[in-house]
Amino acid sequence: MNLEKKMKIIKKGVEEIVPEQELINKLKKSEKEWKPLRVKYGIDPTGHDVHIGHLVPIRKMREFQDLGHTGVIIIGDFTAQIGDPTGKDESRPPLTAEQVKENAATYMEQLYTVLDRNKTEVRWQSEWFGKMGMAEVLNLLGKFTLAQFLAHDTFRKRYENGLPLGMHEIMYPILQAYDSVAVKADIELGATEQKFNILAGRDMQKYFNMPEQVAILSPLLVGTDGLQKMSKSLNNYIAVNDKPFDKYGKVMSIPDNCIINYFNYATQVSPEEIEKIKKELDSGDVNPKNIKQRLAREVVQMYHGEEKAQIAEAEFNRIFSQKDVPTDMPQYSVDKAIWIVKLLTETNMCKTSGEARRLIKQGAVKIDDTKVTNADLELRVESEMVVKVGKRRFLKVIPLN
RNA sequence: GGAGAGGUUCCCGAGCGGUCAAAGGGAACAGACUGUAAAUCUGUCGGCGAAGCCUUCGGAGGUUCGAAUCCUCCCCUCUCCA
């Protein structure tokens with residue numbers, strides 16, 4: 001494959017490459033010397049769920065792997081203790097070592113849905129930071145100035161807005177930067193908000209007299225609310241572990257004006273095809289719903305395959321367009337009769353009895369398509385029936401025996 | 001160490017002795033509508049088998065018939081001075 005073609009692949013869906021010429025040089029050199037480039041991406045094992053926004057750079061890593069390069073995943077067991085200050089205005093509570101370990105394992109599992117295991121190197125920060133002494137830490141700190149950090153938006157904003165900013169938090173970019181030294185990264189992937197940290201990596205490598213890494217920055221995927229970046233704390237994310245139907249539904253819940261954005265960064269649809277879709281959308285001849293359904297299919301398909309995507313779509317249409325019941329739903333057996341509110345709370349259809357009463361009052365509870373109006377209803381269960389709460393909660397109630 | 005400002009329900013933020021389960025906004029949920037779990041409009045939004053009761057306003061005590069509101073001590077955050 002020629003260089004131009006490679007660059008086209010690499011640049012797809014990428015916001016910025018700093019500096020681009022250096023990347024070209026590295027690719028050339030790598031080819032000449034038959035030496036794969038080391039492409040780094042760091043994760044902080046702070047939770048269980050990986051969302052599809054995280055996977056934007058990960059997919060880029062896979063593309064590098066397919067071009068013969070090595071993916072290096074850094075498990076940020078030290079940075080996880082800090083919590084990435086980037087793009088946040090709050091500190092994060094520290095995690096225990098066990099939590100970190102557990103999270104790391106589930107994270108990797110999810111990343112391997114995209115990555116090529118054989119070309120992935122997993123490294124833990126504790127490999128190098130675990131044995132680092134104070135003298136070395138001071139040395140690393142001395143390479144940056146406070147002004148540099150305060151010039152950085154996230155730090156400055158927190159500082160200016162009078163929000164707490166822990167001393168340890170400014171260590172975050174320094175640790176991340178040193179990771180690049182430790183693993184001899186040629187390239188570091190990340191979302192655009194990572195620019196500062198990744199560029200700090202370049203500086204750090206320079207101080208250690210090694211070739212500087214190239215930053216490849218992906219755009220941030222906007223969350224399902226269509227406003228803020230996809231993130232766990234904002235609960236606007238589509239998780240890798242979400243069931244196909246939920247992924248499908250969540251995509252359908254994005255505002256229409258994000259459709260193209262999602263096509264670009266959350267699917268593998270080609271830029272030419274996306275251009276076509278965009279024209280269709282703009283022309284107004286096509287119902288955006290149909291285009292969004294295609295998007296949802298593409299997203300689900302990427303993680304679960306074509307068949308599951310079809311099923312998810314069929315199910316979605318059943319439930320929301322035809323207002324039918326799903327093919328599969330949780331079951332609950334009842335002996336003779338049960339108080340409706342009790343039924344709803346017992347089965348977790350509602351969190352509290354207050355919520356159950358409220359929903360009944362609002363006309364959200366239906367039994368076999370008949371609205372329940374009385375919150376005192378003693379439901380007699382003599383045959384199978386379907387209880388529906390709102391549009392999305394279903395339960396099949398069956399008589400005992 | 002000194003001086004000042006703060007900590008309120010999921011989040012932001014008003015309240016400064018009773019009318020406070022606490023304004024307003026956001027999120028969330030529901031209903032209507034629809035082309036979708038889009039958009040828009042409306043409603044709900046601490047718990048309890050519930051016209052009553054119970055628990056909440058950083059923590060622990062106290063004053064009062066009555067405290068998110070006043071007092072004491074403690075914890076935490078921010079600003080300025082050093």
Side-chain angles (χ1 to χ4, degrees), chain A residues 88-93 155-167 169 222-239 242-263 280-281 283-300 312-324 326 337-346 348-366 371-379 387-394:
Chain A
K88 302 201 307 103
D89 44 33
E90 236 171 274
S91 328
R92 192 178 277 171
F155 292 120
R156 201 190 58 237
K157 272 195 192 134
R158 296 234 325 251
Y159 183 69
E160 284 176 354
N161 293 339
L163 293 163
L165 177 57
M167 293 292 286
E169 292 186 70
V222 67
T224 51
D225 55 3
L227 297 171
Q228 291 179 277
K229 69 164 182 166
M230 185 174 284
S231 98
K232 275 182 275 189
S233 44
L234 295 170
N235 197 25
N236 61 358
Y237 65 99
I238 302 174
D242 276 339
K243 297 246 169 10
F245 175 72
D246 287 325
K247 280 201 186 78
Y248 192 96
K250 284 185 184 182
V251 173
M252 291 308 286
S253 82
I254 66 169
D256 290 355
N257 59 21
C258 297
I259 293 176
I260 292 302
N261 185 283
Y262 267 62
F263 263 112
E280 276 183 357
L281 256 182
S283 73
D285 294 342
V286 188
N287 186 336
K289 181 201 167 194
N290 297 335
I291 293 177
K292 210 198 274 186
Q293 288 204 294
R294 158 136 191 229
L295 172 67
R297 230 164 37 228
E298 293 283 353
V299 171
V300 175
E313 179 162 290
E315 195 74 351
F316 185 89
N317 286 334
R318 263 174 82 79
I319 295 172
F320 297 107
S321 302
Q322 292 154 36
K323 309 226 187 294
D324 208 341
I338 186 167
W339 176 39
I340 182 71
V341 171
K342 184 121 179 159
L343 175 74
L344 295 177
T345 49
E346 285 272 299
N348 279 325
M349 298 276 279
C350 300
K351 278 197 216 57
T352 62
S353 70
E355 188 189 335
R357 285 165 193 275
R358 201 182 309 129
L359 289 170
I360 291 168
K361 200 163 64 187
Q362 290 179 147
V365 179
K366 283 182 184 168
K371 232 177 237 179
V372 176
T373 46
N374 177 12
D376 295 318
L377 175 73
E378 287 290 339
L379 183 64
V387 177
K388 184 177 172 190
V389 178
K391 293 188 183 77
R392 293 157 57 191
R393 282 173 269 179
F394 297 91

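If you're wondering where the values come from, they're calculated on a predicted model, not measured in any experiment. Note on naming: letters A, B, ... go to the chains in the order of the sequence lines (proteins, then strands), and numbering restarts at 1 for each one.
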Is there a donor and acceptor pair closer than 3.5 Å between the side chain of A:Gln362 and the base of B:rG43?
yes

Could you check which of B:rA37, B:rA30, B:rU36 has an atom nearest any side-chain atom of A:Phe245?
B:rA37

For B:rG35 versus B:rG43, give the span between their C1' atoms, rounded off to a whole number of Å.
24 Å

A:Asp225 side-chain N/O to A:Leu227 backbone N/O, donor-acceptor pair under 3.5 Å:
yes

d(A:Ile360 CD1, A:Cys350 SG) to nearest 0.5 Å is 7.5 Å

When you compare B:rU63 with B:rG25, how far apart are their C1' atoms, in angstrom units rounded to a whole number?
36 Å

Integer angstrom distance from the C1' of B:rU9 to that of B:rG26
14 Å

Heavy-atom nearest nucleotide on RNA chain B taken for A:Ala364 and for A:Asp246; more 5' hit belongs to A:Ala364

If you measure from the P atom in B:rG1 to the same atom in B:rA23, how many Å do you get, rounded?
40 Å

May I ask you to decide if A:Val222's main-chain N or O and A:Lys229's side chain share a donor-acceptor pair within less than 3.5 Å?
no

Side chains of A:Tyr248 and A:Glu315: do they bring a donor and an acceptor to under 3.5 Å?
no

Would you state whether a donor and an acceptor, one from the side chain of A:Asp256 and one from the base of B:rU36, lie under 3.5 Å apart?
yes

Taking the P atom of each, how far is B:rA27 from B:rG18, in whole Å?
32 Å

Would you mind reading off the distance between A:Leu281 atom CG and B:rG35 atom C1', rounded to a whole angstrom?
13 Å

Do any N or O atoms from the side chain of A:Glu169 and from the backbone of A:Gly166 form a donor-acceptor pair under 3.5 angstrom?
yes

Using whole Å, what does the distance between atom C1' of nucleotide B:rA30 and atom NZ of A:Lys371 come to?
11 Å

Phosphate contact (B:rU36 OP1 or OP2) by A:Lys289 side-chain N/O below 4.0 Å
yes

Which value, in whole Å, describes the distance between the P atoms of nucleotides B:rA67 and B:rG61?
14 Å

Ring of A:Tyr237, cation from A:Lys250 - is the NZ or CZ under 6.0 Å from the centre and inside 45° of the axis?
yes

Donor-acceptor under 3.5 Å (A:Thr224 side chain, A:Asn236 main chain)
yes

Strictly by Watson-Crick or wobble contacts shorter than 3.5 Å, is anything paired with B:rG43, and which nucleotide is it?
B:rC29

Here's a test of your reading of the structure: between A:Phe316 and A:Lys391, which maps to the more 5' nucleotide of RNA chain B?
A:Lys391

Could you please name the option among B:rA30, B:rU34, B:rU36 that lies closest to any side-chain atom of A:Arg393?
B:rA30

Which parts of nucleotides 47-52 of chain B does protein reach within less than 4.0 Å, heavy atoms only, written one letter per nucleotide 5' to 3' as B for base, S for sugar-phosphate only and - for none?
SSBB--

